[in-house]
Q: 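One structure, pasted below without further comment.
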Amino acid sequence: MSGRQRAKTVVRLEEARPSATPKAETPPPMEADPLYGVVLLKTAMELKRRKDGSVEDILRDVLTRMRIPEEEFRAFLEQQGGLGQLLGLRGR
């Protein structure tokens with residue numbers, strides 16, 4: 001080392017400013033039941049195994065067998081973007 005040191009650069013960070021446009025109110029995220037992932041997995045497996053029946057029928061069967069309230073699961077689905085998006089369905 002030559003004994004010379006570089007001048008230290010001091011950077012002042014600005015505080016985050018609130019945006020001028022208010023954001024749309026989004027509902028608070030609901031607490032997802034850990035079994036919802038199992039429902040999706042079982043539904044996908046049934047869709048692959050069974051060629052008869054619609055996605056809705058198969059989903060209802062799985063929810064009934066697992067004793068999960070359909071209304072609560074549907075609310076979870078809507079929050080996640082819908083059943084088709086979660087299962088990667090195109091037009092079954």
Side-chain angles (χ1 to χ4, degrees):
M1 291 227 249
S2 65
R4 298 178 78 193
Q5 293 184 352
R6 289 190 227 170
K8 294 183 180 177
T9 305
V10 177
V11 178
R12 290 188 179 193
L13 300 176
E14 293 182 10
E15 293 289 325
R17 297 179 191 157
S19 62
T21 57
K23 294 181 180 178
E25 293 259 341
T26 56
M30 68 182 296
E31 183 86 18
D33 188 340
L35 290 178
Y36 289 170
V38 177
V39 170
L40 292 172
L41 179 62
K42 285 187 175 210
T43 303
M45 289 172 51
E46 286 289 320
L47 281 170
K48 191 171 184 177
R49 190 177 66 107
R50 290 181 10 190
K51 299 299 178 191
D52 63 327
S54 69
V55 176
E56 298 296 325
D57 294 337
I58 293 172
L59 177 63
R60 269 191 216 101
D61 291 345
V62 171
L63 289 171
T64 302
R65 278 184 276 153
M66 292 183 68
R67 297 185 185 128
I68 294 178
E70 187 173 346
E71 305 81 38
E72 292 176 16
F73 185 74
R74 295 280 179 185
F76 166 75
L77 282 180
E78 288 303 316
Q79 188 179 37
Q80 300 301 316
L83 180 65
Q85 182 178 353
L86 285 175
L87 291 178
L89 299 175
R90 296 197 197 280
R92 182 165 178 186

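None of these values were measured; they are calculated from a predicted model.
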Q: Rest of the hydrophobic cluster containing L13 (Ile/Leu/Val/Met/Phe/Trp/Tyr, side-chain heavy atoms under 4.5 Å)?
A: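 Once heavy-atom contacts under 4.5 Å are chained together, L13 belongs with V11.
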Q: Using side chain to side chain contact (heavy atoms under 4.5 Å, CB included) as the criterion, list what pairs up with M45, not counting sequence neighbours.
A: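 With neighbours one apart ignored, the set is L41.
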Q: Please list, chain by chain and in numerical order, all residues satisfying side-chain hydrogen bond (donor to acceptor under 3.5 Å, both in side chains) with E14, sequence neighbours excluded.
A: R17
Q: Check salt bridge (Lys or Arg N to Asp or Glu O under 4.0 Å) between E70 and all other residues, then give those that pass, not counting sequence neighbours.
A: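 With sequence neighbours excluded, E70 shows a salt bridge (Lys or Arg N to Asp or Glu O under 4.0 Å) to R60, R74, given in chain and number order.
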Q: Could you state the interatomic distance from CZ (R67) to CG (L63), rounded to the nearest 0.5 Å?
A: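 Between atom CZ of R67 and atom CG of L63 there are 13.0 Å.
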Q: Kindly compute the distance separating CD1 (I68) from CG (D33), expressed to the nearest 0.5 Å.
A: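 The distance works out to 5.5 Å.
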Q: Please report the interatomic distance CG(L35) to CZ(F73), rounded to the nearest 0.5 Å.
A: 10.5 Å
Q: Run the salt bridge (Lys or Arg N to Asp or Glu O under 4.0 Å) test against R49 and tell me which residues pass, sequence neighbours left out.
A: E46
Q: What verdict does the side-chain contact (heavy atoms from CB on, under 4.5 Å) test give for K42 and M66, after you've listed the backbone C-alpha separation in whole Å, the side-chain angles of each residue and the deciding distance to 0.1 Å?
A: CA-CA 10 Å; K42 285 187 175 210; M66 292 183 68; 3.9 Å; yes
Q: Taking 4.0 angstrom as the limit, do R50 and D57 come out as a salt bridge?
A: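 Salt bridge flag = no for D57 with R50.
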Q: Closest approach of T43 and L59, non-hydrogen atoms and distance?
A: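 In terms of heavy atoms, the two residues are closest at OG1-CD1, 3.6 Å.
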Q: Partners of E71 by salt bridge (Lys or Arg N to Asp or Glu O under 4.0 Å), sequence neighbours excluded?
A: none
